[in-house]
Every structure is written in structure tokens, then in C-alpha cells.
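One structure is given here, and the rest of the page talks about it.
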Amino acid sequence: MTMIPTRDGHGLYVKNWGSGRPVVLIHGWPLSADSWDYHAMQIADAGFRVVAYDRRGFGRSDQPFGDYDYDSLSDDLSDVMTAMEVKDASIIGFSMGGGEVARYMSRHAGRHVQQCGLISSVVPYMLKTNDNPNGVDQSVFDGMSEALLADRPKFFADFFKNFFGVGLMSHPVSEEYLHWTRSVAMQASLKATLACANSFATTDFRPDLAAVNVLTLVVHGTADATVPIDASGRPAAKAIQSSTLKEYDGAPHGLFATHRDQLLEDLLEFLRS
């Protein structure tokens, strides 16, 4: 574990596990790199080098007051790859992290990237507009921001149940796991939490997808109520020429936990391809 400096003077917390061809894992909102730990350990044990970092504002990374747009976040990814001397890499982004993957490929010309992965990703465009009818209404995102400002712990208590598909008859993760995710989410600054929610809600990645010109794995749950598949996984796979779409029937957004072994199997098969 180490802290690496960004070009604008902030520190990012990075894990560097194993050896072999590098795999960079980018976490989702509002978690940290720890959400990838199960897969990171298994991928490293399988003969790869895993680099996973906490996004600025989250986990153990610095919490600056500004610069949570995707240009800045993809520059952070570039800084991590440079500092850790990552080459011929697979970059895998979960949820919000898919945006860093897409923007990095366009803004940094896919430097040192061999494969991409979009897992429950917000790419290509979350916001409902006239030319994006399957997106999510702005009112939903406005409501999220209001709830976060009013009572952040209560918001996360409700949010993560939806995130993992927890209901009266469905308990794909334990109460203890829900408690852990809430505690991780509360490590982030309120500023970063709000700003990143705005970034993933309003950033249009459709112009970036032409730059995603390497083998790409798209994984999405058909029951994802947080990032609906018709606004994300399906159109992303359609727009990326060298992509493979794997739909997990009935899976919620947080499939890294609810379908962790299925995801691990698909990731390892993809990484070895």
C-alpha cells in the first residue's frame, strides 16, 4: 500500500498486489478500492498484478474541495498508471469507475491499455434527455443530492439495500455487509460524494466510446435498479466494436458482491483471452 501524488498535488491511496500483467481496478460510488478486495486477491493469485486505488475524495485518498469532473478523474487514473509503471494493462471500472475507463481511453488515447472492462457501468449516459430516452430523470438525481444533504447515513442505509437488491424476501448480502458498505461510504467527504454523483449523472460518454478500441468486457445485471441496463450496459456494448456483453439475469447493481464468483470467472476468462 502506498500514496502516490497527482499532477495537482493530491495524494491517492494505491494497493499493488501480485506480479504479472497489470490489472487496474477502479471502484464505484461511494465506496473505495476495498470493494474490489475479493476479486483483487483472486486475480493476483491467478498470476496477474493488481493495482487498485481510492478515488480522490474517497477512502484513504486526499479530499480536495474541487475537481471531481471526469477529465480530472481520468487524469488521476493516468497519474496512478504512470507512478506504478503500468503497461499493457487491463483497466476495469465498476459503476462510476466505468466513466474513468471511457474518458481515459479518449483523453489519454488508451495509453498502455490492452483491455477494458465495464462492470455495472454508468457508460454511456445516465441522464434522460430527448436523445437518451432510456436514461434516468434529473429529478431522481436531485432527490439523491437533497437526501444526502439532509441525512447522509439514512440515505446510505436505503441506498445500499437497493444497490444490492435487498428486499423482504431477498437477502443476497448480509446485514453485516450492508453495515460495512455504509461505513466505507461515510469515509468519503460530503463534497466528493455530491460532486461525483453529479459527474456520473450528467456526463455524456457517448463521444468517448469511439476511442474504446480494444477488447472490452461489459457485464451488467438485468435487475440493476441503480444503473438500468437499457441506459448503460446494452447501448455501451452496442457502441463498442470489440465488446462482449454478459448479462446477469436478475442481478442487481452490486453484483461484485451478489454474484462475486460468477464475475470472477468471467473476469479471469477475459483477462486470459
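Using a 3.5 Å distance cut-off with no hydrogens or angles, the side chains of Thr82 and Arg111 do pair a donor with an acceptor. Residues Ser232 and His220 have side chains that bring a donor and an acceptor to within less than 3.5 angstrom of each other. There is a side-chain donor-acceptor pair under 3.5 Å between Tyr38 and Asp261. If you check the side chains of Ser145 and Asp142, you find no donor sitting under 3.5 Å from an acceptor. Side-chain contact of Arg21 with Gln115: a donor-acceptor pair under 3.5 Å is present, judged by distance alone.
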Run Trp29 and Val122 through side-chain contact (heavy atoms from CB on, under 4.5 Å) and show every step you take.
CA-CA 11 Å; Trp29 181 94; Val122 298; over 6 Å; no
I'd like to know whether Arg60 forms a salt bridge (charged side-chain N to carboxylate O under 4.0 Å, His left out) with Asp34, so could you lay out the CA-CA distance, the side-chain angles of the two residues, the decisive distance to 0.1 Å, and finally the verdict.
CA-CA 10 Å; Arg60 291 138 297 197; Asp34 291 353; 2.9 Å; yes
Begin from the C-alpha positions of Tyr53 and Ile26 and carry the test side-chain contact (heavy atoms from CB on, under 4.5 Å) through to its verdict.
CA-CA 7 Å; Tyr53 65 99; Ile26 309 163; 4.0 Å; yes
Report the C-alpha distance between Tyr248 and Asp266 in whole Å, list the side-chain angles of each, state the deciding distance to 0.1 Å, and finish with yes or no for side chain to side chain donor-acceptor pair (under 3.5 Å).
CA-CA 11 Å; Tyr248 288 10; Asp266 286 335; 2.5 Å; yes
Would Leu31 and Phe256 satisfy side-chain contact (heavy atoms from CB on, under 4.5 Å), going step by step from the backbone distance to the final call?
CA-CA 12 Å; Leu31 298 172; Phe256 65 86; 3.9 Å; yes
Going through the checks in order, is the side-chain contact (heavy atoms from CB on, under 4.5 Å) test met by Phe200 and Phe141?
CA-CA 10 Å; Phe200 72 67; Phe141 300 119; 4.3 Å; yes
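Between the side chain of Ser61 and the main chain of Asp54, a donor-acceptor pair closer than 3.5 Å is present. In this structure, Asp204 contributes its side chain and Arg206 its backbone to a donor-acceptor pair below 3.5 Å. Counting only distance, with no hydrogens or angles, the side chain of Ser242 and the backbone of Val214 share no donor-acceptor pair below 3.5 Å. Put simply, the side chain of Asp137 never gets that close to the backbone of Val140: no donor and acceptor are under 3.5 Å apart. A donor-acceptor pair is defined here as one N or O able to donate and one able to accept, closer than 3.5 Å; no such pair exists between the side chain of Thr244 and the backbone of Leu217. Counting only distance, with no hydrogens or angles, the side chain of Thr202 and the backbone of Asn198 share a donor-acceptor pair below 3.5 Å. The backbone N or O of Ser72 sits nowhere less than 3.5 Å from a side-chain atom of Asp67 that would complete a donor-acceptor pair. Looking only at distances, no side-chain donor or acceptor of Thr6 sits under 3.5 Å from a matching main-chain atom of Ile4. A donor-acceptor pair under 3.5 Å links the side-chain atoms of Ser199 to the main chain of Tyr68, judged by distance alone.
Ring geometry for Phe160 against Phe164 counts as parallel: the plane angle stays under 30°, on a 0 to 90° scale with 60° as the upper cut. Phe155 and Phe159 have parallel rings, their planes meeting at less than 30° on a 0 to 90° scale where 60° marks the start of perpendicular.
Look at Asp8 and Arg56 and you find a salt bridge, because one of the NZ, NE, NH1 or NH2 atoms lies within 4.0 Å of a carboxylate O, short of that distance. We find that Asp158 and Arg182 are not joined by a salt bridge, their nearest charged nitrogen and carboxylate oxygen being 4.0 Å or further apart. A salt bridge links Arg107 to Asp75: one of the charged nitrogens lies within less than 4.0 Å of a carboxylate oxygen.
Within the 4.5 Å cutoff, side-chain heavy atoms of Arg152 are placed close to those of Thr193. Lys15 places a side-chain heavy atom less than 4.5 Å from the side chain of Asp37. Side-chain contact between Leu25 and Val51: absent, with no pair of heavy atoms (C-beta onward) separated by less than 4.5 Å. Between Leu118 and Phe94 there is no side-chain heavy-atom pair separated by less than 4.5 Å. The side-chain heavy atoms of Phe48 and Arg272, taken from C-beta on, include a pair separated by under 4.5 Å.
Put simply, CG on Asp249 and NE2 on His259 are 8.0 Å apart, with the number rounded to the nearest 0.5 Å.
Counting non-hydrogen atoms of neighbouring residues, nucleotides and ligands closer than 6.0 angstrom, the NE2 atom of His179 reaches no more than 12 such neighbours. Within a 6.0 Å sphere centred on CD of Gln241, heavy atoms belonging to other residues, nucleotides or ligands number 12 at most. More than 12 heavy atoms of other residues, nucleotides or ligands shown are found within 6.0 angstrom of CD on Gln262.
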